[in-house]
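Here is how names work: the chains are called A, B, and so on, in the same order as the sequence lines, proteins then strands, and each is numbered from 1.
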Protein chains: 2
Amino acid sequence: MDRSEDDVRVRLRQAALALFGERGYERTTAAEIAARVGVTERTFFRHFPDKREVLFDGEAVLRTALTAAIAEAPGALGPLATLFWSFRSIHPLLENNRPYSEPRHALIARTPALYERELAKTAALTDALADALQLRGVADLPAALAARTGMAAFVHAVIAWLEDPEPSLGERLEQTFAETVALVAEAGP
Amino acid sequence: MDRSEDDVRVRLRQAALALFGERGYERTTAAEIAARVGVTERTFFRHFPDKREVLFDGEAVLRTALTAAIAEAPGALGPLATLFWSFRSIHPLLENNRPYSEPRHALIARTPALYERELAKTAALTDALADALQLRGVADLPAALAARTGMAAFVHAVIAWLEDPEPSLGERLEQTFAETVALVAEAGP
DNA sequence: CCTCCTGTTGTCAGTGACTGACATCGACGC
DNA sequence: GCGTCGATGTCAGTCACTGACAACAGGAGG
């Protein structure tokens with residue numbers, strides 16, 4: 001209906017983020033988001049399977065970047081070292097994205113329904129990491145365990161960085177990796 | 001309406017589990033669950049804030065057991081060792097619960113909406129573990145990281161055991177802890 | 001230029017998860 | 001017997017989603 005049909009999807013995403021920021025997620029309806037873009041509620045749900053998903057469109061980017069990094073990691077590295085290497089290699093991507101991801105994180109953190117969805121995306125990403133490790137020859141269960149352990153560290157670092165940019169993400173990652181190693185070493189014997 | 005008002009809540013939970021098992025989660029309505037127990041849909045939603053929650057009533061038990069165990073763990077243990085000790089100490093509780101938790105897990109695993117809620121519960125549990133560690137004097141961020149890392153191992157072991165009882169949960173836990181230590185040691189230097 | 005095809009959108013009706021407001025009813029203390 | 005309180009029923013309403021069908025645009029082929 002409006003000019004520039006270029007990408008209704010993109011405009012829906014922007015409108016949703018704006019409205020969620022203004023009134024909060026719960027108090028904005030899908031119809032309102034659609035109206036701001038000049039389309040129908042029905043059209044909204046043709047572009048996104050549900051109202052939450054409008055905020056999680058970029059997830060695929062991170063997944064492909066990470067699985068690609070895992071595939072390209074030096075062959076000598078073990079499973080967890082591979083993951084650490086991959087997290088390091090994509091951190092510029094996240095740093096550049098901060099202007100978008102930081103307010104988004106604040107919104108998600110204060111909205112239970114969105115937080116649940118975020119956890120689901122993280123779980124899916126964890127599975128993707130495990131699959132990527134298997135492609136490198138790591139066995140089934142060890143790959144899953146390594147993926148879980150690696151993601152624990154990665155998420156810890158990213159969240160700490162989103163809530164306080166003080167140490168850069170790169171530093172946060174290094175420190176978290178080191179801390180993980182120390183933590184587990186002390187629990188070993 | 002029916003005899004034995006003893007605990008509508010318990011009967012709702014049982015009816016829900018039965019119906020979900022028969023028809024699947026998506027194709028059973030809250031009204032049907034309520035009807036089977038002889039109450040109104042409205043009553044269902046007075047006992048459970050939403051339809052998913054009916055399956056996650058026992059979560060508090062696990063949380064209290066684990067936080068109590070953390071408080072009682074030997075003082076000399078470091079953060080992660082404390083968690084491992086606590087997981088070990090409650091594994092009989094889970095073993096006894098298997099007849100209930102195994103079909104429940106199967107249902108959750110094949111129902112995205114329920115899987116999301118399970119992840120949220122696990123995240124809440126992780127936070128509780130972090131808090132319990134802080135009560136032992138562990139600092140803020142290290143406690144959070146240890147909780148995430150420990151939960152990664154714990155969840156890995158429990159899920160593997162739920163999907164195949166072959167090695168007992170106790171054995172799964174020991175093996176997972178050892179595997180985690182090995183995994184991280186190799187990624188350290 | 002007409003036509004057919006395909007992809008995107010609008011329209012409409014319907015289901016089901018929840019919520020607030022208010023009435024009811026039985027147990028219980030007094 | 002009476003007032004109170006907690007659990008429940010009733011009813012109306014909102015909102016997330018879905019299926020079915022019509023409308024309409026632009027592009028391909030004649």
Kindly confirm or rule out a cation-pi arrangement of A/Arg104 over A/Phe56, judged by NZ or CZ under 6.0 Å from the six-membered ring centre and within 45° of its axis? yes
Face-on cation placement of A/Lys51 at A/Tyr25 ring, 6.0 Å and 45° thresholds: yes
Within less than 4.0 Å of OP1 or OP2 of D/dG9, is there a side-chain N or O belonging to B/Thr43? yes
At under 4.0 Å, does any side-chain N or O of B/His47 touch on OP1 or OP2 of D/dT8? yes
My understanding is that a hydrophobic cluster links ILVMFWY residues whose side chain heavy atoms are under 4.5 Å apart, including indirect links. Using that, what else belongs to the cluster containing A/Val61? none
Residues sharing A/Trp85's hydrophobic cluster, by side-chain heavy-atom contacts under 4.5 Å among ILVMFWY, directly or via others?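 Noted: A/Trp85 shares its cluster with A/Leu77.
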Cut-off 3.5 Å, side chains only: do B/Glu163 and B/His105 have a donor facing an acceptor?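 Yes, B/His105 and B/Glu163 have a side-chain donor paired with an acceptor closer than 3.5 Å.
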Rounded to whole angstrom units, what separation is found between the [atom1] atom of [X] and the [atom2] atom of [N]?
X: A/Arg9; N: C/dG7; atom1: CZ; atom2: P; answer: 17 Å
X: A/Glu53; N: D/dT18; atom1: CD; atom2: P; answer: 12 Å
X: B/Leu12; N: D/dA7; atom1: CG; atom2: C1'; answer: 13 Å

Is it true that B/Ile159 and A/Leu133 fall in one hydrophobic cluster, defined by side-chain heavy atoms closer than 4.5 Å?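 As far as the 4.5 Å side-chain criterion goes, A/Leu133 and B/Ile159 are connected within one cluster.
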At under 4.0 Å between heavy atoms, how does the protein contact nucleotides 13-26 of chain C? Give one character per nucleotide, 5' to 3', with B, S or -. ---SSBBBB-----
